[in-house]
Amino acid sequence: MRVQNDLDRFHLVQDVVDRVPNLGSKGAYLKQQMQDKLIEHKRYIDRHGQDLPEIRNWKWMGSRAVKSRPEPFGKGLRKQRTK
């Protein structure tokens, strides 16, 4: 249903690329990847009658995903500058 209404993650990424200036060829490449995934997804649904496994079985990891991220880039640099 989300894909049919252009509210899925692939369409949302394409919308973001359209709104972020100066992405150039990287943005175009990412948009094409998302379009390719939408085509793959539609073909899979036509053949199997359900979402791709990576979409169907996706689970939110909640705060555990946030805790496992490395330190943000530049955080250590700010500490060095303030000394």
Side-chain angles (χ1 to χ4, degrees):
M1 184 61 84
R2 288 183 185 103
V3 173
Q4 291 174 344
N5 292 320
D6 296 350
L7 296 173
D8 58 277
R9 65 186 91 176
F10 308 114
H11 283 99
L12 293 175
V13 169
Q14 290 176 328
D15 287 346
V16 168
V17 168
D18 288 340
R19 287 168 175 73
V20 175
N22 303 321
L23 289 179
S25 61
K26 290 180 183 179
Y29 179 74
L30 180 58
K31 278 186 71 173
Q32 186 60 54
Q33 284 182 306
M34 297 300 102
Q35 189 61 39
D36 293 346
K37 198 58 151 173
L38 284 165
I39 292 166
E40 176 189 356
H41 187 224
K42 181 176 180 351
R43 288 180 180 162
Y44 188 92
I45 291 171
D46 290 345
R47 181 178 233 181
H48 300 283
Q50 58 185 353
D51 286 328
L52 282 162
E54 65 196 69
I55 294 170
R56 186 175 65 247
N57 300 326
W58 184 83
K59 292 192 178 20
W60 174 252
M61 299 304 290
S63 62
R64 289 183 297 182
V66 173
K67 289 179 185 176
S68 66
R69 280 193 220 154
E71 182 178 289
F73 177 77
K75 188 173 180 182
L77 295 175
R78 270 182 267 153
K79 288 178 184 175
Q80 291 174 358
R81 288 181 188 155
T82 58
K83 288 182 180 178

Quick one: list whatever passes side chain to side chain contact (heavy atoms under 4.5 Å, CB included) with Leu23, sequence neighbours left out.
Val17, Val20

Kindly write out the residues that satisfy side chain to side chain contact (heavy atoms under 4.5 Å, CB included) with Arg47, not counting sequence neighbours, or none if the list is empty.
none

Gln14 and Asp18: side-chain donor and acceptor closer than 3.5 Å?
no

For the student: nearest non-hydrogen atoms of Gln50 and Tyr44, plus distance
O-CD2, 3.2 Å

State the CZ-NE2 distance between Arg9 and His11, to the nearest 0.5 angstrom.
13.0 Å

Is it true that Phe10 and Val16 fall in one hydrophobic cluster, defined by side-chain heavy atoms closer than 4.5 Å?
yes

side-chain contact (heavy atoms from CB on, under 4.5 Å) partner of Val13, chosen from Met34, Lys37, Gln33:
Met34

When rounded to the nearest 0.5 Å, the distance separating CG of Asp36 from NE2 of His41 is 14.5 Å

Which is it for Leu38 and Asp8 under the side-chain contact (heavy atoms from CB on, under 4.5 Å) test, yes or no, and what are the steps along the way?
CA-CA 9 Å; Leu38 284 165; Asp8 58 277; 3.6 Å; yes

Distance check, rounded to the nearest 0.5 Å: Arg56 atom CZ versus Ile45 atom CD1?
10.0 Å

Within the supplied structure, the quantity of interest is the number of heavy atoms (other residues, nucleotides, ligands) at a distance under 6.0 Å from Arg43 CZ; does it exceed 12?
no

